[in-house]
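Read through the structure below, which is laid out as structure tokens, and then see the notes.
Lettering of chains follows the sequences in order, A, B, ..., and the numbering in each one begins at 1.
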Amino acid sequence: MAERYDPGAVESKWQRRWEEAGLNRVDIDGAERPFYNLMMYPYPSAEGLHVGNVYAFTGADIHGRFKRMQGLDVFEPIGFDAFGIHSENFALEKGTHPMELIPQNIANFTRQLKQLGFMYDWGRMVDVTQPEYYKWTQWIFLQLFKGGLAERRKAPVNWCPSCKTVLANEQVIDGHCERCSTLVTQRFLHQWFFKITDYAQQLLDNLEWIDWSESTKRLQRNWIGRSDGADIEFEIVGHPDKKLRVFTTRPDTLFGATFMVLAPEHPYVDEITTRERRAEVQDYVQRALAMDLVERKKAGEERQKSGVDTGAVAINPATGEEIPIWVADYVLMEYGWGAIMAVPAHDERDFEFAKGYRLPIRVVVIPADQYESFDPDAELEAAFTEHTEDEVLVNSGKFDGVPAAKAIKDITAWLEKEGRGTFAVNYRVHDWCISRQRYWGPPIPIIHCENCGVVPVPEDDLPVVLPYVENFKPDESGVGPLARSEEFLNVDCPNCGGVAKRETDVSDTFLDSAWYFIRYPSTDRHDLPFEPVRTKKWLPVDMYIGGEEHAVLHLMYSRFITMALHDLGHLPFEEPYHKFRKHGLIIREGAKMSKSRGNVVIPDEYVERYGADTLRSYLMFLGPYEEGGDFRDQGIAGISRFFDRVWDTVANSELADGPPETDELNHKLHATIKKVTEDLAGLQYNTAIAALMEYLNAVRAGGRRPRHSEVEPLIAMIAPFAPHLAEELWERLGNTPSVFSGANWPQYDAQLAVSEEVDIAVQVNGRFRATIKAPRGASEEEVRALALANEAVQRHLDGVEVRKTVFVSDRLINLLV
RNA sequence: GCGAAAGUGGCGGAAUCGGUAGACGCGCCAGCCUUAGGAGCUGGUGGCCUUGUGGCCGUGGGGGUUCGAGUCCCCCCUUUCGCACCA
């Protein structure tokens, strides 16, 4: 009676053995060929592991196991991103304190992760909510503070009315809170900022050489949003002490600047508005400021642009003309200088505004081929924004006829010489607001002293332990729940010993994750955050796999923190990840998975029914790993059957000795090893599995019993996907110990990976008429002779003379008649 | 609006230095086996025409380059993602 594959039995047996043997523990100090295989650690939700997590981790685990089988010392750690609003909100909802809830969730996640057979070194697990971890998160804050990269300032910030805390710009999606989708409002509060803008250029520049998924790099580039242009200074009539500075990317259009616009918050608004206009301007500014940031930003699309004339007048430095200064809310204080020169002829927004308020429009750029026929009085239908070498300037004095692209440089250079302007760069990215008026995070290690002001907590006093606070519910006050703990709040100033209070905000959870991967190799060291020798040995990370949704959050923040720590002398590298690959998203039956749809795949159910190996492999088979796939319930049967056949091949028959039975099988074997090796290196798991299936079909074709030598490499190649099954069969093939304990990845012979005989397509006048077999490398003459001898070909030639042949070696011959 | 990616059988998806489109799998069809089977095995499966042989059509639509185009070029359509009053 044939023995059937019982995944449950096999998997629990091998999980037990791995644990007993310590198979996944890496010798951190002694490893000779270190390979740091990192994946984005999860937030341990109460629902347990999502299939999206399983998908991400499986792809990363396969990569790690593959590298290990190639003889590298692979370090594959895991941890839990258990701080943050997400956890806290859930705890509030459940009415359980996070200090109770989180350990339960972590225990559950750990159970699930172990069940799925990931190769984690559990001895180096990181839980960011443990004081021994966040002590160092606080330490990093202090290093940045000392280095002048952490700054407390009052600024307009995003406030989520539902989470009752501020959010970083990166956490606001389309004006809504990233976590709860509530419309974000604006508040003006004292907050801690990390000066990520100091690194904008480096963050951008290094994208040139780091090996990351292109799409992820593009997201970062867009977010950083560098624009090149000029700062230009305008004189204000009657205010010789003031210059109105603007940033523009189009200095070529300076001659067309017919008015200026200030943001409502601009400091000059009050100072330059004329007496007659004062009431109206104040009224407008008040209304604008009363609006939410979001409302104002949305306005651009939904309503007419509004504004008001200040009555003040500036001088266009190019034309010497007086131009009015307006205030309008379409100009944002947060970008550039909060003021613009308006060139209605060449900017859509300015054009719309000018039309609305009947302000003058002057064309200064036109297509080069219309230069001769240019009519300065013709009415412009829409803003003309092209500015390449094919457009030239008009109405621009000595710059008439200069191509626009060149004029950008020429006019800026001229301004520079005149002392009225300069080349300038602006970035879209803003400083990272890290304060959170919440409970569940590391307290920011700062003390506010009545005498000394802002005082950092001395490093020796770290960690500032997050106290147990019974009522941690956030409120509208803008002050975090930690302020309710008198014991926590009141402290002696470390400087003067006087009366002082602790900072009550906690830090953003993205700070926890900005350095967790640096901690992993040093988790056993409690005297320092990361041990220098180990850090140098294992970092930067060799391969990082994760979701692209973190492109401008975690991935950018961790790059910034790494650069900062590098510049502060703590790290020997400035980029944290050598290689980053995003994985795709998994959908179900063509639709997004969501709780509300009720179509979420629960991993446990599939593990129970088919086994972890089958679930893992099926997930990888759905589609290209970097693009995602569609989980179709019926599809898993294909992998299940495949593994049944693999099992049957090894477990239910004596395998004959000797080399692969035929040359053809031997070729197939080597070709398969080659393909699978290459596919795994490129994360092309779906096609690798297809190749393994094809190979098994070949060795079992017609019901034949394969030989030992035909099967063993297959088992090794299956191992990264289905580690438990592979171990069991590897053992049954007579091997000890674990298939992962040495460089057991099969080698291929490049010569053998190609067969000696090839199929060649024969075309007559470009149409396929036949295929013929020919020896590999056959010459054109040989192939031509074989083709002409073919009956089907002859029928199409029908005695006509072959005029010309096109020959592609080993592939095709095309006979032209 | 701007930027990017992608459109291939009933379905998931293969194949892009231009060279036999549809690998592998799901589903479906036929046969075998079985007391039974949501099991297993064998074979088939893009469409249309054809007794067979074979022929024609076919990778979102239209044009082009080429002996030859899913692949390269131009135009258009659709979908997805990112950004969006960023000056």
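- A:N222 has no side-chain polar atom (N or O) that falls below the 4.0 Å cut-off from OP1 or OP2 of B:A4.
- Contacts of A:D644 with the nucleic acid, taken as non-hydrogen atoms under 4.0 Å apart, are absent.
- Figure legend. B:U66 is base-paired to no nucleotide; pairs are counted as Watson-Crick or G-U wobble with both atom distances under 3.5 Å.
- Open room surrounds CD on A:E348; 12 or fewer heavy atoms of other groups in view lie less than 6.0 Å from it.
- Of all nucleotides listed (B:C26, B:C24, B:U20), B:U20 comes nearest to the side chain of A:A761.
- Look at B:A6: its Watson-Crick or wobble partner, with both distances under 3.5 angstrom, is B:U78.
- Looking at the side chain of A:W223, the nearest of the listed nucleotides B:G12, B:G19, B:C83 is B:C83.
- For A:H387 and B:A87, the NE2 to C1' distance is 12 Å, given to the nearest whole Å.
- Between B:C24 and A:R645, no contact under 4.0 Å exists linking OP1 or OP2 to a side-chain N or O.
- In this structure, CE of A:M333 is placed 16 Å from P of B:A87, rounded to the nearest angstrom.
- Between the side chain of A:N686 and the backbone N or O of A:L622, no donor-acceptor pair lies under 3.5 Å.
- Contact check, A:R218 against B:A5: no side-chain N or O comes under 4.0 Å of OP1 or OP2.
- A donor-acceptor contact under 3.5 Å is not formed by the side chain of A:E348 with the base of B:G1.
- Atom name C1', nucleotides B:G22 and B:G10: the rounded distance is 14 Å, in whole Å.
- Neither OP1 nor OP2 of B:C83 sits under 4.0 Å from any side-chain N or O of A:R428.
- Rounded to whole Å, the distance from CD on A:E780 to P on B:G19 is 19 Å.
- Of the possible polar contacts, one joining the A:Y268 side chain to the A:K243 backbone as a donor-acceptor pair under 3.5 Å is found.
- Side chain of A:T388 to backbone of A:D390: a donor-acceptor contact under 3.5 angstrom is found.
- Rounded to an integer number of Å, the gap from A:R226 CZ to B:G3 C1' is 18 Å.
- Nucleotide B:C28 forms a Watson-Crick or G-U wobble pair with B:G44, both donor-acceptor distances falling under 3.5 Å.
- Counting only distance, with no hydrogens or angles, the side chain of A:H430 and the backbone of A:R428 share a donor-acceptor pair below 3.5 Å.
- As a whole-Å value, the separation of A:E214 CD from B:A6 P is 13 Å.
- Comparing the same atom, P, in B:A23 and in B:G43 gives a spacing of 15 Å after rounding to whole Å.
- Side-chain proximity of A:M693 to B:G19, B:A15, B:C24: nearest is B:C24.
- The cationic atom of A:K305 (NZ for Lys, CZ for Arg) lies less than 6.0 Å from the six-membered ring centre of A:Y330 and within 45° of the ring axis.
- Judged by Watson-Crick or G-U wobble contacts below 3.5 Å, the nucleotide B:U53 has no partner.
- A distance of about 15 Å separates the P atoms of B:C67 and B:G18, rounded to the whole Å.
- Nucleotides B:G63 and B:G13 are separated by 30 Å at their P atoms, to the nearest Å.
- Contact annotation for A:T771: base contact, defined as any heavy-atom pair under 4.0 Å involving a base atom.
- A:R420 places no side-chain N or O within 3.5 Å of a backbone atom of A:I232 that could act as its donor or acceptor partner.
- Contacts of A:F768 with the nucleic acid, taken as non-hydrogen atoms under 4.0 Å apart, involve only primed sugar atoms and P, OP1 or OP2.
- Base contact: A:I340 has a heavy atom under 4.0 Å from a base atom.
- At the heavy-atom level, A:E694 lies under 4.0 Å from the strands shown only through sugar-phosphate atoms.
- Using atom P as the reference point in both B:C41 and B:C24, the two lie 16 Å apart (nearest Å).
- Contact annotation: A:T687 side-chain N/O to B:A15 OP1/OP2 distance is not under 4.0 Å.
- At the phosphate of B:U66, neither OP1 nor OP2 sits under 4.0 Å from any side-chain N or O atom of A:N814.
- Look at A:R641 and you'll find a side-chain N or O under 4.0 angstrom from OP1 or OP2 of B:C26.
- One interatomic measurement links the two molecules: CD1 of A:I586 to C1' of B:G13, which rounds to 14 Å at whole-angstrom precision.
- When the P atom is used for both B:C32 and B:G25, the distance is 24 Å, rounded to whole Å.
- Taking the syn range as angles within 90° of 0, the glycosidic angle of B:G12 is outside it, so the base is anti.
- At a threshold of 4.0 angstrom between heavy atoms, the contacts of A:R609 include nucleobase atoms, whether or not backbone atoms are also involved.
- The nucleotide whose nearest atom lies closest to any side-chain atom of A:R632 is, among B:G12, B:G19, B:G13, B:G12.
- Here B:G1 sits opposite B:C83 as a Watson-Crick or G-U wobble pair (both hydrogen-bonding atom distances under 3.5 Å).
- Between A:A701 and A:T249, the residue anchored nearer the 5' end of RNA chain B, judged by the nucleotide with its closest heavy atom, is A:A701.
- As judged by a 4.0 angstrom heavy-atom cut-off over every strand, A:R769 is placed among residues touching the sugar-phosphate backbone only.
- With both pairing distances under 3.5 Å, B:U16 is matched to nothing as a Watson-Crick or G-U wobble pair.
- Atom CZ of A:R704 has more than 12 neighbouring heavy atoms from other residues, nucleotides or ligands inside a 6.0 Å radius.
- Nucleotides B:U53 and B:G44 are separated by 14 Å at their P atoms, to the nearest Å.
- Within the 4.0 angstrom heavy-atom criterion, base atoms lie near A:D759.
- Under the Watson-Crick and G-U wobble criteria, each requiring two contacts below 3.5 Å, nucleotide B:G58 is left unpaired.
- The CG atom of A:N697 sits 10 Å away from the P atom of B:C41 (whole-angstrom rounding).
- Where A:G338 and A:G638 each meet RNA chain B at their nearest nucleotide, the meeting point lying more 5' is that of A:G638.
- In this structure, CZ of A:F642 is placed 13 Å from P of B:C41, rounded to the nearest angstrom.
- For the pair A:R559 and A:W432, the cation-pi criterion (under 6.0 Å, within 45° of the ring axis) is not fulfilled.
- Separation of the P atoms belonging to B:G7 and B:G60 is 8 Å when rounded to the nearest angstrom.
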